[in-house]
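To start, the structure under review is shown below, and the notes come after it.
All of these numbers come straight from a predicted model, not from anything done at the bench. The sequence lines fix the lettering, A, B, ..., with proteins before strands; numbering per chain opens at 1.
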Amino acid sequence: MLEAEKDQILVSIAVSGDIHQVSEFSRAYHELRSWTAQAKLVEEAQLITGSRSLPASVSLSPAQEREFTASLQSGQDARCLQLIDQALDFMLRKEAGIGQFRFFADSIASRVIYFVEAAQVEPTKIQSLKQWTRGLQDCQCVTDYRQVFRQLLEASCSLLRSKWDAREEPLISKLLKVMQTQYAEDLSLDYLSAKFNLTSTYLSAYIKDKTGLNFSDHMQGIRMEKARELLACTSLTVNEISQQVGYLNITSFNRTFKKVTGITPGAYRKRHWLQSTSQSG
DNA sequence: GCCGAATACTTGCAGTGAGC
DNA sequence: GCTCACTGCAAGTATTCGGC
């Protein structure tokens, strides 16, 4: 019997008369297991007759990873979920196997737990978070994954936000608040260091030490999130959006946007528009 | 914990060209 | 004509490292 999957699937095994040794059966069993891991994440029944080719990459891109980490650490669960949704959509489109979905879920969950532990949240609260991560192992469809990720990320970000707000790190909490509210202005490390009576070099190192990310990474993450929102939900020109999110120059905005998302602002808007029209129509 | 100097990186400007 | 993408270059800014 497929012990690990006994609660989720029912398997009937017919043994060919050609198999005489236990080792042969064992090999067939492991082959079958690898096939089940390659099954598509769909709710309808599937007929699996052999191995199939799977998408090579099922993780966040390096830029998405940086943004996910920045959003997680600053307690922005909505943006974290957006990135997860994008990744799950991509995996669905590429017909990733259920094993790849599990691997992706495990890697995200362990990263979330790592950062919550690094923030020195009380162990009892971390234990309750781990319940959500265990829930990821029981997901049967992409809707399940979205739901469990939502619960996990909302709880984790809430813990991280309250940790900063609990005045254990009052300075970093204030800094993140300024960055999140004044991203549209010409916000520099010099401005912040003057505001908090520190040198810019010390402040730079302090932000990196406390959050794991640089000042630039934080600002970029916040600005790009807002830019995506404006591109998707408004008819403002790219130039207007670049100014609204704090770039004085559209060239810098275009360059940064492409670096972070992999596509230009115009292409992003077009793609979002195509997706929304195909969903509504 | 904090600072100064060197280095690395980002930004803004100017210019060009493609597409509508 | 307008918007957008792209490039090279110079200037400005952020990061890192060694030291106090």
Sequence neighbours left out, what passes salt bridge (charged side-chain N to carboxylate O under 4.0 Å, His left out) with A/Arg255? Give chain and number order.
none

Which residues pass the side chain to side chain contact (heavy atoms under 4.5 Å, CB included) test with A/Ser252, not counting sequence neighbours?
A/Tyr247, A/Asn249

Which atoms form the tightest heavy-atom contact between A/Asn254 and A/Pro265, and what is the distance?
OD1-CG, 3.2 Å

So, using salt bridge (charged side-chain N to carboxylate O under 4.0 Å, His left out) as the criterion, who are the partners of A/Lys125 when residues are at least two apart?
A/Glu122

Extract, from 5' to 3' on DNA chain B, the first and final nucleotides lying under 4.0 angstrom from some heavy atom of chain A.
B/dG1 to B/dA14

Side-chain donor/acceptor of A/Glu154 to backbone N/O of A/Gln151, under 3.5 Å:
no

A/Asp190: which residues meet the salt bridge (charged side-chain N to carboxylate O under 4.0 Å, His left out) condition with it, sequence neighbours left out?
none

Hits for side chain to side chain contact (heavy atoms under 4.5 Å, CB included) against A/Asp144, two or more places apart or cross-chain, chain-then-number order -> A/Cys139, A/Gln140, A/Cys141

Are the side chain of A/Arg150 and the backbone N or O of A/Leu81 linked by a donor-acceptor pair below 3.5 Å?
no

Side chain to side chain donor-acceptor pair (under 3.5 Å) partners for A/Lys258, two or more places apart:
none

Using five pairs at each end of the helix from B/dG1-C/dC20 to B/dC20-C/dG1 to define an axis, what is the angle between those two axes, to 10°?
40°

Name all residues meeting the side chain to side chain contact (heavy atoms under 4.5 Å, CB included) criterion together with A/Thr199; count only those two or more places apart in sequence or in a different chain, and write none if there are none.
A/Thr201, A/Tyr202

Report the residues that fulfil salt bridge (charged side-chain N to carboxylate O under 4.0 Å, His left out) with A/Asp85, sequence neighbours left out, ordered by chain and then residue number.
A/Arg146

So which protein nitrogen or oxygen atoms get under 3.5 Å of nucleotides 14-17 of chain C's nitrogens or oxygens?
from, atom 1, to, atom 2, distance (Å)
C/dA14, OP1, A/Leu189, N, 2.7
C/dA14, O3', A/Ser216, OG, 2.9
C/dT15, OP1, A/Phe215, N, 3.1
C/dT15, OP1, A/Ser216, N, 3.3
C/dT15, OP1, A/Ser216, OG, 3.4
C/dT15, OP2, A/Ser204, OG, 2.7
C/dT15, O5', A/Ser204, OG, 3.3
C/dT16, OP1, A/Lys208, NZ, 3.2

Produce the list of close N/O pairs, under 3.5 Å, pairing protein atoms with atoms of nucleotides 1-5 of chain C; give distances to one decimal.
from, atom 1, to, atom 2, distance (Å)
C/dC4, OP1, A/Val238, N, 3.2
C/dA5, OP1, A/Thr264, OG1, 2.7
C/dA5, OP1, A/Gly266, N, 2.9
C/dA5, OP2, A/Asn254, OD1, 3.1

Main-chain N/O of A/Leu189 paired with A/Ser193 side-chain donor or acceptor, under 3.5 Å
yes

